[in-house]
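Positions are given from 1 along the sequence.
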Amino acid sequence: MNSTVSQSTFLLTFLLSVGLFFFIRASTKDRIEMMRLTSEQDENTLMTSLKDYFRTRAYQVLAVDPGKNQVTFEGFVRPSLFLAVFLTILAAVGLGCLSLVLSMLVPDLGQFLPLVMLFSPLSGILYWKKSGRMEKVSLKMENIPSGHNSSSIITVTAHRDELAELQRALQLRTLDN
């Protein structure tokens, strides 16, 4: 094979491997966001619904600040077995491709380079160890009286997946700024 083609193939494969490394590393990153949600329920009914929701999701009340009308929940977030296996497979394919290209460039080491794929389970282990963690959810309630009925505004600080599930489960709408 032409030397220029081999070298450019190696460069592209190496760049893809770097992207894969950062993708695996980003899988454990905290994605905490703040969102303002609104509900037609009054404050007491909504707070009861929120407490029940978080109790079913294995969160516990960590702190209550009646002055600020704020509640903080804490719970353990389990890592995803599917994602751990998926990341391991991605790492195996990426390392396999890199070792294949390297074996074309350095034929003397070609028979030993596929052994590099044995390091792929490290990506799943890294994800599993770092993504299982205690997370906090902070809720701040505001009651807005509007004519006959009152609506509530909740400011929630939590992981973005938890925010999406909360919004879906309790039929909350995002507050238009």
How long is the span from the [atom1] atom in [X] to the [atom2] atom in [Y], to the nearest 0.5 Å?
{"X": "Thr56", "Y": "Lys51", "atom1": "OG1", "atom2": "NZ", "result": "14.5 Å"}
{"X": "Glu135", "Y": "Asp30", "atom1": "CD", "atom2": "CG", "result": "6.0 Å"}
{"X": "Ser49", "Y": "Gln171", "atom1": "OG", "atom2": "CD", "result": "10.0 Å"}
{"X": "Asp161", "Y": "Glu33", "atom1": "CG", "atom2": "CD", "result": "9.0 Å"}
{"X": "Ser27", "Y": "Leu87", "atom1": "OG", "atom2": "CG", "result": "4.5 Å"}
{"X": "Leu62", "Y": "Lys136", "atom1": "CG", "atom2": "NZ", "result": "5.5 Å"}

Least distance between heavy atoms, [X] atom then [Y] atom:
{"X": "Thr88", "Y": "Ala84", "result": "OG1-O, 2.8 Å"}
{"X": "Thr38", "Y": "Thr174", "result": "CG2-O, 4.5 Å"}
{"X": "Leu105", "Y": "Ser6", "result": "CD2-CB, 3.4 Å"}

Do [X] and [Y] belong to the same hydrophobic cluster, where Ile, Leu, Val, Met, Phe, Trp and Tyr are linked whenever their side-chain heavy atoms lie under 4.5 Å apart, directly or via other members?
{"X": "Leu139", "Y": "Val64", "result": "yes"}
{"X": "Val156", "Y": "Ile32", "result": "no"}
{"X": "Val18", "Y": "Leu12", "result": "no"}
{"X": "Val137", "Y": "Val61", "result": "yes"}
{"X": "Phe21", "Y": "Leu11", "result": "no"}

Handout entry: Sequence-distant partners of Glu74, side chain to side chain donor-acceptor pair (under 3.5 Å), two or more places apart
Key =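 Side chain to side chain donor-acceptor pair (under 3.5 Å) check on Glu74 returns nothing, list empty.
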Practice task
Go through the structure and list residues passing side chain to side chain donor-acceptor pair (under 3.5 Å) with Ser120, not counting sequence neighbours.
Solution key: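 Ser120 satisfies side chain to side chain donor-acceptor pair (under 3.5 Å) with no other residue.
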Less than 3.5 Å apart, which donor and acceptor atoms pair up between the side chains of residues 124-132 and the rest of the protein, not counting sequence neighbours?
unit_1: Tyr127; atom_1: OH; unit_2: Ser80; atom_2: N; d: 2.9
unit_1: Ser131; atom_1: OG; unit_2: Tyr127; atom_2: O; d: 2.8

Exercise for the section: Hey, could you give me each pair passing ring-ring contact (aromatic ring centres under 6.0 Å, His included) that has a residue in residues 30-75? Not counting sequence neighbours. Expected result: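 Residue pairs passing ring-ring contact (aromatic ring centres under 6.0 Å, His included), neighbours aside: Phe54-Tyr59, Phe54-Phe73.
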Exercise for the section: Check the pair His159, Val77 against side chain to side chain contact (heavy atoms under 4.5 Å, CB included), reporting the backbone distance first and the verdict last. Expected result: CA-CA 10 Å; His159 190 277; Val77 176; over 6 Å; no
Could you check whether any side-chain heavy atom of [X] comes within less than 4.5 Å of a side-chain heavy atom of [Y], counting everything from C-beta outward?
{"X": "Leu90", "Y": "Ser123", "value": "no"}
{"X": "Val71", "Y": "Met47", "value": "yes"}
{"X": "Leu20", "Y": "Leu16", "value": "no"}
{"X": "Leu166", "Y": "Leu37", "value": "yes"}

Check whether more than 12 heavy atoms from other residues, nucleotides or ligands sit under 6.0 Å from atom [atom1] of [X], and answer yes or no.
{"X": "Arg78", "atom1": "CZ", "answer": "no"}
{"X": "Met35", "atom1": "CE", "answer": "yes"}
{"X": "Phe23", "atom1": "CZ", "answer": "no"}

Practice task
Answer yes or no: is there a donor N or O on one side and an acceptor on the other, between the side chain of Ser138 and the main chain of Thr157, under 3.5 Å?
Solution key: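 Not a single qualifying donor-acceptor pair exists.
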Handout entry: Pairing residues for Lys29 by the side-chain contact (heavy atoms from CB on, under 4.5 Å) criterion, not counting sequence neighbours
Key =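 By the side-chain contact (heavy atoms from CB on, under 4.5 Å) rule, Lys29 matches Arg31.
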Please table the atom pairs, donor to acceptor, closer than 3.5 Å between any side-chain atom in residues 95-104 and protein atoms at least two apart or in another chain.
unit_1: Ser99; atom_1: OG; unit_2: Leu95; atom_2: O; d: 3.2
unit_1: Ser99; atom_1: OG; unit_2: Gly96; atom_2: O; d: 2.9
unit_1: Ser103; atom_1: OG; unit_2: Ser99; atom_2: O; d: 3.3
unit_1: Ser103; atom_1: OG; unit_2: Leu100; atom_2: O; d: 2.7

